[in-house]
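Comments concern the structure below.
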Number of protein chains: 2
Amino acid sequence: MEKKNPDLCKVDNTLHILIGKWKPLIIMHLMFGGTKRFSDLQRALTGITTKTLTTQLRELEEQEIILRVVYPVVPPRVEYSITEYGMTLQPVLHLMHEWGNAHLERQLNKDQSTFNNNQ
Amino acid sequence: MEKKNPDLCKVDNTLHILIGKWKPLIIMHLMFGGTKRFSDLQRALTGITTKTLTTQLRELEEQEIILRVVYPVVPPRVEYSITEYGMTLQPVLHLMHEWGNAHLERQLNKDQSTFNNNQ
DNA sequence: CAGAATCCCTCGTGATACTG
DNA sequence: CAGTATCACGAGGGATTCTG
């Protein structure tokens with residue numbers, strides 16, 4: 001019973017956190033796969049470069065979605081994990097996942113009917 | 001009870017629709033404000049250029065989130081409205097709005113405590 | 001009125017090489 | 001191992017001008 005005024009739209013605040021080619025995947029990995037090291041993540045996200053992984057992780061850390069823990073050992077050991085606050089994103093991501101999945105199937109059906117029409 | 005595998009993450013499908021500097025606002029305007037003409041939207045979205053508005057509208061139309069109706073009159077009259085399918089985004093946007101709003105307040109509180117600590 | 005056309009510039013991401 | 005440092009490039013969006 002509010003939000004009549006689109007100028008008060010706060011969707012962009014959430015979008016800003018999620019925008020980044022690998023961010024949703026990173027969050028999902030830490031959210032469901034638990035704590036992971038830098039190299040674990042890089043292995044999981046096939047194709048990502050160290051530079052890009054670093055910046056995406058730093059941005060998520062800055063937003064307090066993930067936690068970065070550095071162990072002062074040689075060789076270096078850095079562990080990333082989801083924060084309690086980051087976990088609050090779960091319902092949002094879940095819904096986006098559901099809608100995205102439905103959207104994908106819709107696209108496939110459309111292609112299918114196009115295919116049939118062209119027979 | 002599924003979605004254990006982040007590789008199956010479909011969040012990006014939803015993100016893809018929403019990404020675009022003005023898209024959430026455009027959707028909200030049509031979703032809650034009803035049918036609008038091109039110039040109405042341009043007036044509502046202060047700062048957007050005709051070029052950008054055009055491309056964002058075309059992309060949303062291509063995804064069938066909005067409908068574009070051209071009336072063959074002089075001067076031209078084009079009306080944009082949300083589709084039934086576009087309306088299915090409402091729960092998603094609502095949740096993103098809620099989370100974004102909470103996130104914003106969290107940021108403000110953080111700044112506030114920083115302010116206090118610096119006193 | 002509702003764009004189309006053009007030019008321009010920033011930003012995100014990738015490729016590659018190097019380091020404590 | 002976990003990055004940092006450079007270079008490069010394509011895409012998204014803005015400014016401006018023009019048109020049926």
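Letters A, B, ... mirror the listed sequences (proteins, then strands); counts begin at 1. Because only heavy atoms are used, hydrogens play no part in the values below, and waters and symmetry mates are left out as well, while side chains stay in.
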- With hydrophobic residues grouped by side-chain heavy-atom distances under 4.5 Å, do B:V69 and B:I66 end up in a single group? no

- Item | Any side-chain donor near an acceptor of the partner, A:T55 and A:T52, under 3.5 Å | no

- Query: Do any side-chain nitrogens or oxygens of B:R37 fall under 4.0 Å of OP1 or OP2 in C:dC1?
  - Reply: no

- Query: Mind checking whether A:R68 and A:R58 have side chains closer than 4.5 Å, heavy atoms only?
  - Reply: yes

- Within 45° of the axis and under 6.0 Å from the centre of the six-membered ring of A:Y85, does NZ or CZ of B:R106 qualify? yes

- When rounded to whole Å, the CG to P distance for the pair B:L57 and D:dG13 reads 12 Å

- Can you tell me the distance, in whole Å, between the CZ atom of A:R58 and the P atom of C:dT13? 16 Å

- 4.5 Å side-chain heavy-atom contact, A:H103 and B:T14: no

- Message: Could you tell me how far apart B:L41 (CG) and C:dA2 (C1') are, to the nearest whole angstrom?
- Response: 12 Å

- Task: Let me know the distance between NZ of B:K23 and C1' of D:dA11, rounded to the nearest Å.
- Result: 12 Å

- Task: Grab the NZ-P distance between A:K36 and D:dA2 for me, whole Å please.
- Result: 13 Å

- Would you please confirm or rule out a distance under 4.0 Å between OP1 or OP2 of D:dA2 and any side-chain N or O of A:R77? no

- Please report, rounded to the nearest Å, how far the P atom of C:dG3 is from the CD atom of B:E59. 14 Å

- Kindly work out whether a path of hydrophobic side-chain contacts (I/L/V/M/F/W/Y, heavy atoms less than 4.5 Å apart) joins A:F32 to A:L67. no

- Query: Under 4.0 Å: is that the gap between some side-chain N or O of A:R68 and OP1 or OP2 of D:dG3?
  - Reply: yes

- To the nearest Å, give me how far apart CD (B:Q42) and C1' (D:dT16) are. 13 Å

- Query: If Ile, Leu, Val, Met, Phe, Trp and Tyr residues are connected whenever their side-chain heavy atoms lie under 4.5 Å apart, and connections chain through other members, are B:L95 and B:I82 in the same group?
  - Reply: yes

- Query: Can you tell me how far C1' of D:dA2 sits from CG of A:L53, to the nearest Å?
  - Reply: 10 Å

- Output yes when at least one side-chain N/O atom of B:Y80 is less than 4.0 Å from OP1 or OP2 of C:dC1, else no. no

- Classify every nucleotide of nucleotides 14-20 of chain C by which part a protein heavy atom approaches to under 4.0 Å, writing B for the base, S for the sugar-phosphate alone and - for neither, in 5'-to-3' order. BB----B

- Task: Looking at every strand, decide which applies to A:Y71 at a 4.0 Å heavy-atom threshold: base, sugar-phosphate, or nothing.
- Result: nothing

- Message: Categorize A:E79 for me: base, sugar-phosphate, or nothing, with a 4.0 angstrom heavy-atom threshold over every strand shown.
- Response: nothing

- Query: How is B:Q56 classified with respect to the nucleic acid when contacts are heavy atoms under 4.0 Å: base, sugar-phosphate, or nothing?
  - Reply: sugar-phosphate

